[in-house]
Structure formats: structure tokens, C-alpha cells
Number of protein chains: 2
Amino acid sequence: MPAAKDPRPCSIADTLALVGEKYSLLVLREVCLGNGRFDQLVRNIGAPRDVLATRLKRLVDVGVLEKTAYSEKPLRHEYRPTPAGLDLEPVLVTLKEWGDRHLNPESPPMVLEHVCGHELVPRVVCSECGDEIRHDDLTAHPQTPGWTVAGPAVA
Amino acid sequence: MPAAKDPRPCSIADTLALVGEKYSLLVLREVCLGNGRFDQLVRNIGAPRDVLATRLKRLVDVGVLEKTAYSEKPLRHEYRPTPAGLDLEPVLVTLKEWGDRHLNPESPPMVLEHVCGHELVPRVVCSECGDEIRHDDLTAHPQTPGWTVAGPAVA
DNA sequence: TCGCCTAGTTTGTTTTTCCAACTCACTCGG
DNA sequence: CCGAGTGAGTTGGAAAAACAAACTAGGCGA
């Protein structure tokens, strides 16, 4: 039997196990902005250099970043997002949106311009009906025997 | 003058400062699922009890959770999401989507059913044009003097 | 009264973080 | 050729968190 103390199987937990450590998502932010060099990351994120080195190794290992040479001759590297890393941009964008709304309501520290010409205000919608998702519109169905949920809800 | 070592001002960083610590988003997941009692949280998340107690205090302080009595007479409490907490569901949903795609591609550990009758597959779109956001469709404009970005990008 | 439940708190140990300083390979100016 | 500078990290030691297990405290129910 599965030891009674295992946590709930969950893709959110699985994802956070890869990119949920302190600074990891900020690394991804900078790398998506095009600032993939070690010293840029140190400055722009404000993380200790050793921690950053550890995070970068991990992010490369799990496949969201890759390390590429931008110069031979002094051999120098930079980090870039892989396709899987770019797939995390929606997470960054939704985190940004929440912070813009709840923490910096007067003026966002960064504006994203969408190719359509407008300032990006992201919405998370159901791909089937296109409606914006709302808590009460969701019902959760755990797929693992032994696990239930209490109310209607997300996650 | 602002000490030259401050990190980039950023709503993503601000948001993660509130809910980015280990277990915080998992607490929110459980609470959104309706499992707001302390011992449920311990079991479903697998966090040490003292850490969980610390996180819960913090999440209440920053206003994403509230502690309410579900019974007088044995006085007992449970945690519930505030409106600001529910606003974080898009973050949970996008994290889940990434994990379902990249880590559990054969079968998600949890299925969310949308009120429209379909299994929820969330998309992050531009509220203006409705197009799904793609990295190359974004241009970042920092609003703080002294900060730039390198390439076109997100965050 | 004994034992059990919920909701934590305490204690002592193991990991991480953090910071500053240091390394190493290479280039450039004089 | 020498010394300074840059990029990309390592290293060492102190401080802070995380961890696991045991313990507390109020109320119940039998």
C-alpha cells in the first residue's frame, strides 16, 4: 500500500518541484527577456551567485533552460529558454497580472505590448467555450484512488 | 540614490514574495478545493506542521486566505480563500496545465471539468484580441528608469 | 475518567541561504 | 610583457529555514 503520508498527486506540485524554488521563476523571467548571462541574472534578480548557479544547473537539467555559447575566443555562455521554458510564460504572465492588480494597481513596473497593438492584459479562458475561468465554474475530479476533494473547486 | 544592487522592480517578484515560498501555492490549491482544515492540509500537502502553520499565518496576513470558524462548541477553524486568493486560481491552473503537458502527458492526476461540459484546458489569451499569447508576440517596456530589457520578450 | 480529535507549538537536528571573498581563463591597453 | 578588467562561476563560514517527532491544550463522547 502507498504509505499513508504521501501528498496528493498533482501536476501543480510536480511543476513547482521543478521551478518553484526561490528565484527559479525570476531566472525564467530574465531569460525570457533576453538577459541570459550570469552577471545580468545576478544583478537583475538580486540572488546570491552560488544560489543562482545551483538554480541554473537545475533548470538546465529539467529542460526549461539551455546553455549556449554566444562567443568563442573568450568562451562565454548564456542561458536561453527551451520550448518547455517558453511554455512557462503563461505562468509568468498570470503571476504578473495578479501582482499588477493587487500589489501595483496604480502603475505596473513593466508593460507588455501585444502584437495586436494593445497593452497585454492576459485572461485565462477555457479552450472549449472561450469563457474566462471562474472558481464556481469548475469541478475537480481526482484521478487517483483514495483521493477526494471537498468542495467544487480548482486545481 | 537607490543602492545599485536592487533587483528589477517587477510584479512577478512581488507576487512570489507573497505566495512563492515552498508549499504556499499548494495550500492555496487545497483551500480552493475546499480542504481548509489544518490536518487535511498537512496530509494532502505533506508539509511539516510547523512550516504549514507559518505559511498559513503569512497567507492570512497578506490577504489571500481567511480563517473562519466552521464550528463553535468545539471551536474549530478552517481556512478559505479570499477574493484575492481566488484571483490566484489562474496561476494554479496554468501551473497545472504545464505539468499535465510536460510531466504527466499520459494522464493528469486531476481533471477539472468546466461548467460548459468539457474538461478544462486553459489558455492564456490577450483580452483585447483574444489570441493566445506567444513569446514572439510580446514586447516588454520597463517603466522604471535605469532598467532595460535585451530582447523582445515576456515578463 | 480515559482516550480521542483538532489545531497547533516545542525541541533538537539537518539543510539551505546568504554574503563576501576568491579563483580561473581569457582579453585588452600600454 | 605586465597589469587591470571581465565573465562565470567556487569556496568558506555564519545565520536562517526546514524537518520529524513528540508534546500541549481545549473540548467531547462513552
Side-chain angles (χ1 to χ4, degrees), chain A residues 3-7 13 16-28 30-31 33-62 65-81 148 150, chain B residues 3-7 13 16-28 30-31 33-62 65-80 148 150-151:
Chain A
K5 61 194 261 305
D6 293 344
L16 289 174
L18 303 191
V19 299
E21 290 167 301
K22 200 171 177 184
Y23 306 120
S24 289
L25 286 172
L26 299 183
V27 169
L28 200 67
E30 286 302 317
V31 164
L33 286 170
N35 302 321
R37 304 185 192 179
F38 190 84
D39 280 23
Q40 287 178 322
L41 293 170
V42 169
R43 277 190 291 281
N44 296 357
I45 295 173
R49 308 173 77 83
D50 58 341
V51 175
L52 201 48
T54 306
R55 295 291 178 276
L56 286 167
K57 280 190 198 83
R58 183 100 218 282
L59 292 171
V60 170
D61 279 355
V62 305
L65 295 187
E66 59 184 1
K67 190 178 185 177
T68 64
Y70 67 87
S71 145
E72 324 284 329
K73 298 296 298 148
L75 183 53
R76 300 248 176 283
H77 298 98
E78 89 186 310
Y79 295 88
R80 307 180 132 279
T148 58
Chain B
K5 60 194 260 304
D6 294 343
L16 289 174
L18 303 190
V19 299
E21 290 167 302
K22 199 171 180 184
Y23 304 122
S24 289
L25 287 171
L26 299 182
V27 169
L28 199 69
E30 286 302 315
V31 164
L33 286 169
N35 302 319
R37 303 185 192 179
F38 191 85
D39 279 23
Q40 287 178 321
L41 293 169
V42 169
R43 276 190 292 279
N44 295 357
I45 294 172
R49 308 174 76 83
D50 59 339
V51 176
L52 200 48
T54 305
R55 294 292 177 276
L56 287 167
K57 281 190 197 82
R58 184 99 216 282
L59 292 171
V60 170
D61 280 354
V62 303
L65 294 187
E66 59 184 0
K67 189 179 184 177
T68 64
Y70 67 86
S71 146
E72 324 284 330
K73 297 297 298 147
L75 183 54
R76 301 244 177 284
H77 298 97
E78 87 186 313
Y79 295 90
R80 305 180 134 280
T148 57

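Quick note on labels: first sequence line is chain A, next is B, and so on, each numbered from 1.
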Would you say dT17(C) has OP1 or OP2 under 4.0 Å from some side-chain N or O of R55(A)? yes

Does a side-chain N or O of Y23(A) approach OP1 or OP2 of dC18(C) to a distance below 4.0 Å, or not? yes

Give a yes/no on whether any side-chain N or O of K22(B) is located under 4.0 angstrom from OP1 or OP2 of dT16(C). no

Is L28(A) close to V19(A) at the side-chain level, that is, under 4.5 Å between some pair of heavy atoms? no

Its dot-bracket string being built from Watson-Crick and G-U pairs below 3.5 Å, with | for another strand and [ ] for crossing, DNA chain C has the pattern ||||||||||||||||||||||||||||||

Using modelled atom types only, decide if a donor and an acceptor are shared between the side chain of R49(A) and the backbone of F38(A) within a distance under 3.5 Å. no

Presence of salt bridge, E78(B) and R80(B), under 4.0 angstrom: yes

I'd like to check N44(A) versus L26(A) (side-chain heavy atoms, cut-off strictly below 4.5 Å). Are they in contact? no

Would you indicate whether the side-chain heavy atoms of R58(B) and L18(B) approach each other to under 4.5 Å? yes

Rounded to whole Å, please give me the gap between CD in E21(A) and P in dT17(C). 6 Å

Is any side-chain heavy atom of V51(A) less than 4.5 Å from a side-chain heavy atom of K22(A)? no

Show the distances under 3.5 angstrom between N or O atoms of the protein and N or O atoms of nucleotides 6-12 of chain D.
unit_1, atom_1, unit_2, atom_2, d
dT6(D), O2, R76(A), NH2, 3.4
dG7(D), O4', R76(A), NE, 3.0
dG7(D), O4', R76(A), NH2, 3.4
dA8(D), OP1, H77(A), N, 3.3
dA8(D), OP1, H77(A), O, 2.5
dA8(D), OP2, F38(A), N, 3.4
dA8(D), N7, R49(A), NH2, 3.4
dG9(D), OP1, K67(A), NZ, 3.0
dG9(D), OP2, Y79(A), OH, 3.0
dG9(D), N7, R49(A), NE, 2.9
dG9(D), N7, R49(A), NH2, 3.1
dG9(D), O6, R49(A), NE, 3.3
dT10(D), OP2, K57(A), NZ, 3.4

Look up atom CG in L59(B) and atom OG1 in T54(B), then write down how far apart they are to the nearest 0.5 Å. 10.5 Å

Any Q40(A) side-chain heavy atom under 4.5 Å of E30(A) side chain: no

